[in-house]
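All remarks here apply to the structure that follows.
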Protein chains: 4
Amino acid sequence: MARPKVQEQQRAHLAAAARRAIVTHGLAHVRIRDVAEAAGMSPGTVTYYYRQLDELFQQIYEDAVDRFHRQRAQAMQRQADPAGKLLAAIDAGLPEGQDDELCCLLYEFSPQARRRPGEAALRRGLFDQQAQLYADLLAAGADQGAFALALPAAEAARNLVALEDAYAYHIIAGTSVTRGQARDYLVGYASYATGTDLKRRTPSPRRADEIAGCVADHG
Amino acid sequence: MARPKVQEQQRAHLAAAARRAIVTHGLAHVRIRDVAEAAGMSPGTVTYYYRQLDELFQQIYEDAVDRFHRQRAQAMQRQADPAGKLLAAIDAGLPEGQDDELCCLLYEFSPQARRRPGEAALRRGLFDQQAQLYADLLAAGADQGAFALALPAAEAARNLVALEDAYAYHIIAGTSVTRGQARDYLVGYASYATGTDLKRRTPSPRRADEIAGCVADHG
Amino acid sequence: MARPKVQEQQRAHLAAAARRAIVTHGLAHVRIRDVAEAAGMSPGTVTYYYRQLDELFQQIYEDAVDRFHRQRAQAMQRQADPAGKLLAAIDAGLPEGQDDELCCLLYEFSPQARRRPGEAALRRGLFDQQAQLYADLLAAGADQGAFALALPAAEAARNLVALEDAYAYHIIAGTSVTRGQARDYLVGYASYATGTDLKRRTPSPRRADEIAGCVADHG
Amino acid sequence: MARPKVQEQQRAHLAAAARRAIVTHGLAHVRIRDVAEAAGMSPGTVTYYYRQLDELFQQIYEDAVDRFHRQRAQAMQRQADPAGKLLAAIDAGLPEGQDDELCCLLYEFSPQARRRPGEAALRRGLFDQQAQLYADLLAAGADQGAFALALPAAEAARNLVALEDAYAYHIIAGTSVTRGQARDYLVGYASYATGTDLKRRTPSPRRADEIAGCVADHG
DNA sequence: CATGAATGAGCATTCATTCAT
DNA sequence: AATGAATGAATGCTCATTCAT
């Protein structure tokens with residue numbers, strides 16, 4: 001902790017501003033001035049804290065990947081039984097709406113994966129982590145007798161994550177599929193995969209503090 | 001007496017060059033010079049044919065959306081029975097590999113949908129068209145007795161497209177899921193949805209001339 | 001007459017188009033393409049006939065200066081008595097309206113006089129010629145006993161031209177002074193200068209063929 | 001802690017440089033680089049202070065119109081009697097010489113009035129203001145018994161301004177009429193209009209500090 | 001004779017970056 | 001610590017000009 005505390009606070013404040021600026025203007029078009037304006041600072045101050053803007057963006061992407069996974073893992077831990085965990089996982093995986101910052105960020109960065117090996121690895125890790133969460137849950141549920149798996153846990157897990165990813169895009173892009181439909185489709189697929197009827201269960205909405213934490217300034 | 005007009009040829013040549021340039025450098029970073037170099041022309045010539053670069057990019061996106069759909073519809077028409085059509089559709093929907101130009105293009109443009117209403121509409125149309133292809137096929141197969149649908153055709157169709165979209169991204173981004181795995185997962189889901197075992201059928205690979213035609217320079 | 005007749009025709013056609021283009025877009029902003037469009041030709045053809053656009057513009061200016069003077073001299077010759085000639089001169093000196101091509105052209109070129117010695121000389125010659133017309137007329141009228149000059153003919157002549165120039169600008173710029181007012185002021189001043197009441201005389205409107213000739217294509 | 005703001009100073013410095021550049025190169029041909037060189041700055045700095053070059057030019061025109069009027073109004077106020085005011089007005093209305101910056105600017109902008117409604121309004125306002133100055137002065141002089149008007153004050157006032165405008169052009173364009181002649185003609189006309197002999201009065205030359213103030217760099 | 005194709009010089013403008021304060 | 005000033009590299013775009021047909 002060599003850096004003074006106030007420096008860290010400012011860097012976190014700038015990171016939050018940069019997230020907002022990326023979502024607003026798009027990663028492709030965000031300028032230093034946009035970040036500065038979102039932070040209520042001058043453009044000079046942004047480069048004062050982040051000499052290279054790429055450094056800031058890279059950190060934001062890594063944070064987003066990490067946060068997305070931790071958020072979902074926590075949501076699952078809050079539930080006791082496998083079915084509850086499964087529904088919690090689905091709800092945590094879908095964006096709240098068209099402006100869900102975390103999901104928007106992940107999609108803004110996605111085209112870069114093809115060209116930047118580091119980001120491809122990050123993206124791969126994110127997918128594998130999510131799939132592993134589902135796979136572990138399915139396996140555990142099957143062990144406990146709660147689930148009667150219709151297909152291998154790994155395959156079902158990957159399909160669940162894939163469906164989430166695709167529908168999440170449509171939700172934030174504002175195209176054909178609404179969040180409610182996406183949730184229904186996912187619950188439907190999960191029901192098939194686990195041999196249980198998850199549709200009868202009450203939905204477990206994301207808690208307010210999670211949502212706030214998602215966009216909160218770390219400082 | 002005057003020079004013959006070759007505008008259309010050159011515009012097509014430039015569009016092909018621009019597609020390559022976008023895939024190579026990313027939509028966010030392509031410069032006029034990149035397009036010019038890919039076309040073997042001077043930067044001035046690019047703006048001679050496309051006064052605004054946006055005009056060119058927009059046309060490329062619209063073409064890509066259109067081509068993706070037509071390509072798949074044609075692949076399905078070549079097959080006689082519902083199961084064959086279904087497998088053809090799946091194969092036509094997945095990218096050939098990490099450098100599949102058409103799929104790369106679609107993913108390069110995808111983050112813009114959130115901000116550009118026109119592109120969101122285009123993207124929505126693409127999803128709806130693809131889903132409709134599947135939905136019609138599933139319904140027809142059910143009518144003929146070939147399929148015993150496990151869920152509503154519309155829902156199954158959307159899930160198939162969603163799975164394709166998600167796995168296509170992983171294939172071109174080079175992350176966890178290979179094309180072979182993706183195909184297996186999709187065939188598996190299609191088998192479940194249609195109540196038929198599609199895995200035993202011989203794959204119907206995309207024909208070589210289709211692939212060539214997809215990226216060919218028309219000039 | 002070494003040049004073929006058709007060449008001369010085309011050059012005259014282009015000059016007329018250039019005049020229209022200058023009046024429409026302003027000398028400062030006129031582009032080769034504007035001239036080409038006004039002529040219904042391609043930009044390449046314009047440079048084919050006028051290698052340097054300046055050459056064309058210079059010719060247009062010289063023509064305009066010449067035409068303005070000849071037009072007025074002719075209008076005066078058509079009248080028999082001094083008073084009629086004076087009124088004819090005034091009417092020939094004022095623009096028909098906001099779009100009077102000849103006057104607009106002269107004003108478009110006027111700022112260049114300060115920097116281009118040749119154009120300053122041209123402009124000087126135009127003023128002197130006009131003043132001479134008036135001075136000769138005033139002197140002749142005084143000799144004949146028709147006018148009783150209130151001040152030296154040369155001074156009165158220059159003032160008449162100056163008033164014309166200034167009011168002409170307001171007419172084509174569409175500012176405070178209308179053509180009718182400008183004419184009244186000029187007639188008023190001429191009445192004072194000549195010691196005659198010119199206001200009672202019927203106006204001698206510019207003849208239709210003059211107006212047509214003013215904007216006509218020389219070819 | 002932050003740097004002090006010196007924007008206003010620099011903007012004024014740049015405006016002065018732009019005025020010089022316009023007079024030197026002509027409004028039609030000034031480039032950002034010309035302004036930058038005149039200001040001793042880099043081209044980037046010009047756009048730093050004025051994002052759109054038009055913005056700077058528009059401001060310069062508005063300032064010029066305003067300054068021209070205020071300068072003359074002040075010159076008139078310095079004189080006590082109507083005849084003195086009249087002579088002061090005439091002297092303030094004519095350019096000092098061929099390089100009178102303020103007059104050159106007004107003539108550089110004049111062709112644009114036909115095409116830009118805003119500039120036409122500005123130009124109209126300038127004419128009306130000047131004419132009003134004269135009209136008020138003539139009417140006041142007539143009331144005091146100093147002047148015996150030979151024609152309506154409004155008409156005489158407009159003619160005075162028109163003569164000034166026209167002769168001013170010849171002075172800065174360096175054509176036939178010298179400043180001395182122009183002044184004599186104007187004084188002659190004013191004498192006629194007011195029924196007084198203004199020629200016997202000592203001329204009231206523009207004061208040196210006014211001239212300096214007119215072109216001075218405020219930075 | 002005429003023009004469409006192609007180019008490169010020239011331009012305004014954007015923007016990250018440096019620096020003095 | 002923070003920022004306004006200043007700059008120059010980069011870029012899209014305009015446009016006169018050249019040239020092949």
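Here is the naming used below: chain letters follow the sequence lines, and residue numbers restart at 1 for every chain.
- With rounding to whole Å, A:Asp34 atom CG is found 13 Å from E:dA16 atom C1'.
- The separation between C:Ile32 atom CD1 and E:dT7 atom P is 19 Å, rounded to whole Å.
- The side chain of B:Met41 sits closest to E:dT7 out of F:dG12, F:dT7, E:dT7.
- With a cut-off of 3.5 Å on both Watson-Crick or G-U wobble distances, the partner of E:dG10 is given as F:dC13.
- A heavy-atom distance below 4.5 Å is not found between the side chains of B:Thr24 and B:Glu37.
- Comparing B:Tyr49 and A:Val30 against DNA chain E, the residue whose closest nucleotide sits nearer the 5' end is B:Tyr49.
- A straight line from OH of B:Tyr50 to P of F:dT11 spans 22 Å, rounded to a whole angstrom.
- Positionally, the nearest nucleotide of DNA chain F for A:Val46 lies more toward the 5' end than for the other of D:Pro43 and A:Val46.
- Judged by Watson-Crick or G-U wobble contacts below 3.5 Å, the nucleotide F:dA1 has no partner.
- Of the residues near DNA chain F, D:Tyr48 and B:Gln52, the one whose nearest nucleotide (by heavy atom distance) lies more toward the 5' end is D:Tyr48.
- For D:Thr47, the listed nucleotide lying nearest its side chain is E:dT14; candidates were E:dT3, E:dT14, E:dA5.
- The phosphate of E:dA6 (OP1 or OP2) has no side-chain N or O of B:Thr45 nearer than 4.0 angstrom.
- For D:Gln9 and F:dA5, the shortest distance from a side-chain N or O to OP1 or OP2 is not below 4.0 Å.
- A salt bridge links B:Glu108 to A:Arg114: one of the charged nitrogens lies within less than 4.0 Å of a carboxylate oxygen.
- Ionic pairing of A:Arg67 and A:Glu62 is not present here: no N-O contact between side-chain nitrogen and carboxylate oxygen is shorter than 4.0 angstrom.
- Among the heavy atoms of the strands, none lies under 4.0 Å from C:Leu53.
- Atom CZ of B:Arg11 is separated from atom C1' of E:dA6 by 15 Å (rounded to the nearest Å).
- Of the listed nucleotides (E:dG4, E:dC11, F:dA5), F:dA5 has the atom at the smallest distance from the side chain of D:Val6.
- Protein atom CG of D:Leu56 is 12 Å distant from nucleotide atom P of E:dA12, rounded to whole Å.
- Rounded to an integer number of Å, the gap from C:His29 NE2 to E:dC11 C1' is 13 Å.
- For the pair D:Arg11 and D:Tyr50, the cation-pi test (distance below 6.0 Å, angle within 45°) is passed.
- Between D:Gln7 and F:dA5 there is a side-chain N or O to OP1 or OP2 distance below 4.0 Å.
- What separates CZ of B:Arg51 from P of F:dC13 is a distance of 10 Å, to the nearest Å.
- Following rounding to the nearest Å, B:His13 (NE2) and E:dA6 (C1') show an atom-to-atom distance of 13 Å.
- D:Leu105 is not listed as a side-chain neighbour of D:Tyr61, based on a closest heavy-atom distance of 4.5 Å or more.
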